Enquirer: 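This is the structure I have questions about; it appears just below.
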There are 2 protein chains.
Amino acid sequence: MAYTYEYPRPAVTVDCVVFGLDDSADLRILLIERADDPFAGHWALPGGFVDMGEDLDLAAKRELEEETGIKDIFIEQLYTFGAPNRDPRGRVISVAYYALVNLSEHPIKAASDARQAKWFKISELPPLAFDHNKVLEMALERLRAKVLYKPIGFELLPEKFTLTDLQNLYETILGQQLNRRNFRSKILKMGLLEQQERQQNVPHRPAYLYKFNKEKYQRLSERLGEFIFEIRFQPRETED
Amino acid sequence: MAYTYEYPRPAVTVDCVVFGLDDSADLRILLIERADDPFAGHWALPGGFVDMGEDLDLAAKRELEEETGIKDIFIEQLYTFGAPNRDPRGRVISVAYYALVNLSEHPIKAASDARQAKWFKISELPPLAFDHNKVLEMALERLRAKVLYKPIGFELLPEKFTLTDLQNLYETILGQQLNRRNFRSKILKMGLLEQQERQQNVPHRPAYLYKFNKEKYQRLSERLGEFIFEIRFQPRETED
DNA sequence: CTAACTTAGTTTATTTTTCAAACTAAGTAC
DNA sequence: GTACTTAGTTTGAAAAATAAACTAAGTTAG
């Protein structure tokens, strides 16, 4: 079947930059190996064509699940890439999304038009298909900027985590060491973490586990116009 | 002439939310009256269809100039709106932009497929065509958020301005009174404003005019990864 | 059992920043 | 001249951020 229009139209796709955090608190990106041309055999961001009658957000979620099996995660629109020659097949405009995943609770399974899906360390990325390197770079920039004033980092952690886990997360994303004592007091002073039981089976004093209280954050945000979850540190001279 | 594709494709448009500041430091939005259906006679954001082979940013700038005569201004991508039924003509995906204009230096002239273009006070907006009310709301949100950490407010002012002008701008955008003395010292401490001559013909002590040093800001941003232009004030108790 | 070790978590003092008040300055209007 | 208006500075007090020293709670080795 064919579709005919009076004026030429671009094709529209969605692409997802999925971030995860591994056991050593390293940041990782989920990539798929393309099965078909163009760029068959190359690594690329998961994504695909938007269906007619399908909302953009839904298209992003659908493609992600089809290609990697991952669903029910934090996902947000990033930017729309529309350089005329970004795709050798012709004019293709791509609406990019970025997503945050708790790596341990969302195992991946490759599927459909992808040969395989794999988590890559951010420091060991292969060259990517299309303009996906640029997309990824912008996603990373956005993540670094947003984590400073929105509590989205928790999406990368399991439900219960220690303050050390949380600090490692921020240090990884921001690429900067933070002062342990100040991090603790700053985070706890916000009153958005709920203390749980202690850790078990660790060869040292066990830390308390915490849960992020999302409902409370949302209530405060609504009431104050904007509750600013501010994580920003100016390191002063030396440290410890 | 007709264009045929194997799969159906959405049409892609761009829309621009253009902000300006009037003489009384009120925030205004530039709207056009639509000449054709759908929504003929209604007010809408300037915009139109993306040409094949034309980059998205260029399409936004071109449409803006065609419909209002405005060019060479600050413009940045906002968000892409793609709800399946947002346009009665069928599936139309719109890449929205927002722009900041110095009102006095950019007079408007309506043209082409718009009957007229007009600046509306943000508090006196007419109902808009399509989902443009939603687009506008998001642009306003973005402007309020971005003005806190990027020096984009200067785009709304003439080249030379007083500190009182600048403060009025921030008070308008943020919808909040700021302390005069702290505003002065905070802004000047950044070292990005260059003092010029004094005001003339004002019925009181004339203020110094200032210029924003964009080059210096860019140099600092590159060197420090991110120079944070932070304007944030927590009012403490009463005031003056 | 005890001492050594490791990471967790608290208290406190100091430095830095933020904020508001009182004050001085420079013009116009009468 | 005097009164009035807005511009701009100096200063001290309050709050917040930061670093240091200290205490706590577990494991492991002997």
Side-chain angles (χ1 to χ4, degrees), chain A residues 23-25 148-149 157 160-171 174 176-211 224 227-240, chain B residues 23-25 148-149 157 160-171 174 176-211 224 227-240:
Chain A
D23 296 332
S24 357
L148 290 175
Y149 65 97
L157 292 176
K160 296 178 184 180
F161 49 86
T162 68
L163 292 181
T164 304
D165 291 338
L166 190 62
Q167 180 169 351
N168 286 337
L169 178 147
Y170 276 99
E171 291 182 342
L174 300 176
Q176 175 190 356
Q177 294 302 109
L178 306 175
N179 182 293
R180 182 169 57 93
R181 304 169 283 251
N182 298 339
F183 183 83
R184 294 182 61 81
S185 54
K186 206 159 184 173
I187 286 280
L188 290 177
K189 204 170 49 181
M190 295 183 198
L192 294 173
L193 294 189
E194 288 175 353
Q195 198 178 67
Q196 310 289 311
E197 73 278 11
R198 292 191 106 121
Q199 263 180 327
Q200 301 219 324
N201 303 321
V202 283
H204 52 72
R205 176 176 178 180
Y208 285 105
L209 295 168
Y210 289 86
K211 261 188 186 171
L224 302 176
F227 180 84
I228 295 169
F229 185 87
E230 187 160 26
I231 306 286
R232 190 175 287 156
F233 301 88
Q234 284 92 356
R236 194 163 37 162
E237 302 305 306
T238 55
E239 142 94 46
D240 283 28
Chain B
D23 296 335
S24 354
L148 290 174
Y149 65 98
L157 292 175
K160 296 177 183 181
F161 50 85
T162 67
L163 291 183
T164 304
D165 291 339
L166 190 61
Q167 181 170 351
N168 286 337
L169 177 147
Y170 277 98
E171 291 181 342
L174 301 176
Q176 173 189 358
Q177 295 302 108
L178 305 176
N179 182 292
R180 183 170 55 91
R181 305 169 282 253
N182 298 337
F183 182 83
R184 294 182 61 81
S185 52
K186 205 158 183 172
I187 286 281
L188 291 176
K189 204 170 46 178
M190 295 183 201
L192 294 172
L193 294 188
E194 285 176 355
Q195 198 177 68
Q196 310 288 312
E197 72 278 11
R198 292 192 105 120
Q199 266 179 325
Q200 301 220 324
N201 304 320
V202 283
H204 51 72
R205 175 178 180 180
Y208 285 104
L209 295 170
Y210 289 87
K211 261 188 187 171
L224 302 177
F227 180 84
I228 295 169
F229 185 87
E230 185 158 26
I231 306 286
R232 189 175 289 155
F233 300 89
Q234 286 90 356
R236 193 162 39 165
E237 302 306 304
T238 55
E239 144 94 45
D240 282 26

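The structure displayed is predicted, hence computed values, not measured ones. Naming convention: chains lettered A, B, ... in sequence-line order (proteins, then strands); numbering from 1 in each chain.
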Enquirer: With rounding to the nearest 0.5 Å, note down the distance linking CG in A:L169 to CG in A:L174.
Expert: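 Rounded to the nearest 0.5 Å, the CG-CG separation comes to 8.5 Å.
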
Enquirer: Quick one: closest heavy-atom pair of B:L163 and B:F183, and the distance?
Expert: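 Here B:L163 and B:F183 meet closest at O-CE2, 3.8 Å.
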
Enquirer: Check this one for me: any side-chain N or O of A:K189 less than 4.0 Å away from OP1 or OP2 of D:dA16?
Expert: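 For D:dA16, neither OP1 nor OP2 has a side-chain N or O of A:K189 closer than 4.0 Å.
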
Enquirer: Could you state the CG-P distance from B:L188 to D:dA7, rounded to the nearest angstrom?
Expert: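 Checked: the CG to P distance equals 14 Å.
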
Enquirer: Who passes side chain to side chain donor-acceptor pair (under 3.5 Å) against A:D165, sequence neighbours left out?
Expert: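 For A:D165, the residues satisfying side chain to side chain donor-acceptor pair (under 3.5 Å) (neighbours in sequence not counted) are A:T162.
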
Enquirer: Using a distance-only criterion (donor-acceptor N/O pair, under 3.5 Å, no hydrogens), is the base of D:dA20 paired with the side chain of A:R181?
Expert: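 It does, because a donor-acceptor pair links the side chain of A:R181 to the base of D:dA20 below 3.5 Å.
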
Enquirer: Does B:R198 contact C:dG27 through a side-chain donor or acceptor facing the base, at a distance under 3.5 Å?
Expert: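 No pair found.
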
Enquirer: Does D:dA7 have its OP1 or OP2 closer than 4.0 Å to a side-chain nitrogen or oxygen of B:R184?
Expert: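 So the side chain of B:R184 is outside the cut-off, no N or O lying under 4.0 Å from OP1 or OP2 of D:dA7.
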
Enquirer: Quick one: B:N182 CG to D:dT10 P, roughly how many Å, whole number?
Expert: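 From B:N182 CG to D:dT10 P: 15 Å.
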
Enquirer: How long is the gap from CD1 on B:I187 to OH on B:Y170, to the nearest 0.5 Å?
Expert: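 With rounding to 0.5 Å, CD1 (B:I187) is 5.5 Å from OH (B:Y170).
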
Enquirer: Which residues satisfy the ring-ring contact (aromatic ring centres under 6.0 Å, His included) test with B:Y210, sequence neighbours excluded?
Expert: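 For B:Y210 there are no ring-ring contact (aromatic ring centres under 6.0 Å, His included) partners, ignoring immediate neighbours.
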
Enquirer: Do any side-chain atoms of residues 200-209 of chain B form donor-acceptor pairs under 3.5 angstrom with protein atoms, and if so which ones, sequence neighbours left out?
Expert:
| unit_1 | atom_1 | unit_2 | atom_2 | d |
| --- | --- | --- | --- | --- |
| B:Y208 | OH | B:R198 | NH1 | 3.2 |

Enquirer: To the closest 0.5 Å, what do you measure between CZ (B:F161) and CG (B:L193)?
Expert: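 So the CZ of B:F161 and the CG of B:L193 are separated by 5.0 Å.
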
Enquirer: How long is the line joining CZ of B:R180 and C1' of D:dT6, in whole Å?
Expert: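 Rounded to whole Å, this separation is 8 Å.
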
Enquirer: Of all residues at least two apart in sequence or in a different chain, which pass the side chain to side chain donor-acceptor pair (under 3.5 Å) check with A:E194?
Expert: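 For A:E194, the residues satisfying side chain to side chain donor-acceptor pair (under 3.5 Å) (neighbours in sequence not counted) are A:N213.
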
Enquirer: Starting at CD of B:Q195 and ending at C1' of D:dG8, how long is that distance when rounded to a whole Å?
Expert: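 Computing the B:Q195:CD to D:dG8:C1' distance gives 10 Å.
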
Enquirer: Could you tell me how far apart B:N168 (CG) and D:dA7 (P) are, to the nearest whole angstrom?
Expert: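 Value for this atom pair: 9 Å.
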
Enquirer: Using side chain to side chain donor-acceptor pair (under 3.5 Å) as the criterion, list what pairs up with A:E171, not counting sequence neighbours.
Expert: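 With neighbours one apart ignored, the set is A:Q167.
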
Enquirer: What is the distance, rounded to the nearest whole Å, between atom CG of A:L193 and atom P of C:dG9?
Expert: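 After rounding, the gap between these two atoms is 12 Å.
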
Enquirer: Please report, rounded to the nearest Å, how far the P atom of C:dT17 is from the CD1 atom of B:I187.
Expert: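 So the two atoms are 17 Å apart, to the nearest Å.
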
Enquirer: Check the phosphate of C:dA8 against A:T164, side-chain N and O only, distance under 4.0 Å to OP1 or OP2. Yes or no?
Expert: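 Yes, A:T164 has a side-chain N/O under 4.0 Å of OP1/OP2 on C:dA8.
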
Enquirer: Please determine whether a side-chain nitrogen or oxygen atom of A:N179 lies at a distance below 4.0 Å from atom OP1 or OP2 of D:dA17.
Expert: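 Negative; the distance criterion is not met.
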
Enquirer: Both B:Y210 and A:S185 contact DNA chain D. Taking the nearest nucleotide for each, which residue is further toward the 5' end?
Expert: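 Its nearest nucleotide being more 5', the pick is B:Y210.
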
Enquirer: Please list, in numerical order, the residues of residues 201-209 of chain A that have a heavy atom closer than 4.0 Å to any atom of DNA chain C.
Expert: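 Contacts with DNA chain C under 4.0 Å: A:H204, A:R205, A:P206, A:A207, A:Y208.
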
Enquirer: Between CZ of A:R184 and OG1 of A:T164, what distance do you get to the nearest 0.5 Å?
Expert: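 So the CZ of A:R184 and the OG1 of A:T164 are separated by 7.5 Å.
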
Enquirer: For the side chain of A:K186, counting heavy atoms from C-beta on, which of D:dA17, C:dA20, D:dA25 is nearest?
Expert: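 Among the listed nucleotides, the one closest to the side chain of A:K186 is D:dA17.
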
Enquirer: Nearest whole Å is fine: how far is C:dG27 P from B:Q199 CD?
Expert: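 To the nearest whole Å, that distance equals 12 Å.
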
Enquirer: Report each atom pair, protein N/O against N/O of nucleotides 1-3 of chain C, whose distance is under 3.5 angstrom.
Expert:
none

